[in-house]
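Note sheet for the following structure.
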Amino acid sequence: MENTVELISDQLVVTPVGMTKIAALKEAVRVPKAHVVGASIDAGILKESKGLRMPGTAIPGYWAGTFRKAGEETFFNIKQTSEPVVIQLKDARYTRIVIGVAQPRELVDQINNWIATRD
């Protein structure tokens, strides 16, 4: 498991776990609930070009940190063997967050149900 995710009343918090925190160069990524569009599983995203690391870590089979491509920034913290959870954002620093977690399908459902309860 590369990350934990907390859905606090008005904020999504992604926290890299263990040594991945060092590779990702982030203690946590915090996003207001209003900026979260949705979540999905997208295995194809790991086969695409990630763009330039700014800053980040890229070694065969593992990506962590901020990557910039076509004017957009994406936060990655995932191993190639993980099922990628892609969290789409709007009006935020990152366009998306791509992470590995222990139970990806359950997290996708939790995030989509959480944003459906916006006030």
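No hydrogens, no waters, no symmetry mates; every other heavy atom, side chains included, goes into these values. Since this is a predicted model, take the numbers as computed values, not measurements.
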Q | Reported CH2-to-CD1 distance for the pair Trp63 and Ile78, which is rounded to 0.5 angstrom | A | 8.0 Å
Q: Only counting residues at least two apart or in another chain, list the ones meeting side chain to side chain donor-acceptor pair (under 3.5 Å) with Arg30.
A: none
Q: Give a yes or no answer on whether the side chain of Asp10 reaches the backbone of Pro32 with a donor-acceptor pair at less than 3.5 Å.
A: no
Q: Please assess Val108 against Ile41 for the test side-chain contact (heavy atoms from CB on, under 4.5 Å), listing each intermediate value before the final yes or no.
A: CA-CA 7 Å; Val108 165; Ile41 302 287; 3.8 Å; yes
Q: Would you please test Leu89 and Leu12 for side-chain contact (heavy atoms from CB on, under 4.5 Å) and show each step?
A: CA-CA 11 Å; Leu89 308 174; Leu12 176 140; 5.9 Å; no
Q.
Can you tell me how far apart CZ (Arg53) and OG1 (Thr66) are? Round to the nearest 0.5 Å.
A. 12.0 Å
Q: Might you point out which heavy atoms bring Glu83 and Pro104 nearest each other, and give the distance in Å?
A: OE1-CG, 3.3 Å
**Q.** Backbone N/O of Ser49 and side chain of Lys69: donor-acceptor pair under 3.5 Å
**A.** yes
**Q.** Distance-minimising heavy-atom pair for Thr15 and Ala28
**A.** OG1-CB, 4.0 Å
Q) Between the side chain of Lys33 and the main-chain N/O of Ile8, is any donor-acceptor distance below 3.5 Å? A) no
Q: Report the residues that fulfil side chain to side chain donor-acceptor pair (under 3.5 Å) with Gln80, sequence neighbours left out, ordered by chain and then residue number.
A: none
Q. Any sub-3.5 Å donor-acceptor pair from His35's side-chain atoms to Asp91's backbone N or O?
A. yes
Q | Smallest separation among heavy atoms of Ser82 and Pro84, with atom names | A | O-CD, 3.3 Å
Q. Are any of the side-chain heavy atoms of Val101 and Thr4 separated by less than 4.5 Å?
A. no
**Q.** Heavy-atom donor-acceptor pair, Lys50 side chain to Leu46 backbone, under 3.5 Å
**A.** yes
Q: Output all residues satisfying side chain to side chain donor-acceptor pair (under 3.5 Å) with Thr74, sequence neighbours left out; order by chain, then residue number.
A: Arg96
**Q.** Side-chain touch Val5/Leu7, heavy atoms, less than 4.5 angstrom
**A.** yes
Q: Using modelled atom types only, decide if a donor and an acceptor are shared between the side chain of Asn3 and the backbone of Asn77 within a distance under 3.5 Å.
A: yes
Q: Describe, in one word, how the ring planes of Phe76 and Phe67 are oriented to each other, choosing from parallel (under 30°), tilted (30 to 60°) and perpendicular (over 60°).
A: perpendicular
Q | Evaluation steps, side-chain contact (heavy atoms from CB on, under 4.5 Å), between Val29 and Val31 | A | CA-CA 7 Å; Val29 175; Val31 181; 4.1 Å; yes
Q) Hey, is CZ on Arg105 packed in by over 12 heavy atoms from elsewhere, all under 6.0 Å? A) no
(Q) Donor-acceptor pair, distance only, cut-off 3.5 Å: does the side chain of Asp42 make one with the backbone of Val86? (A) no
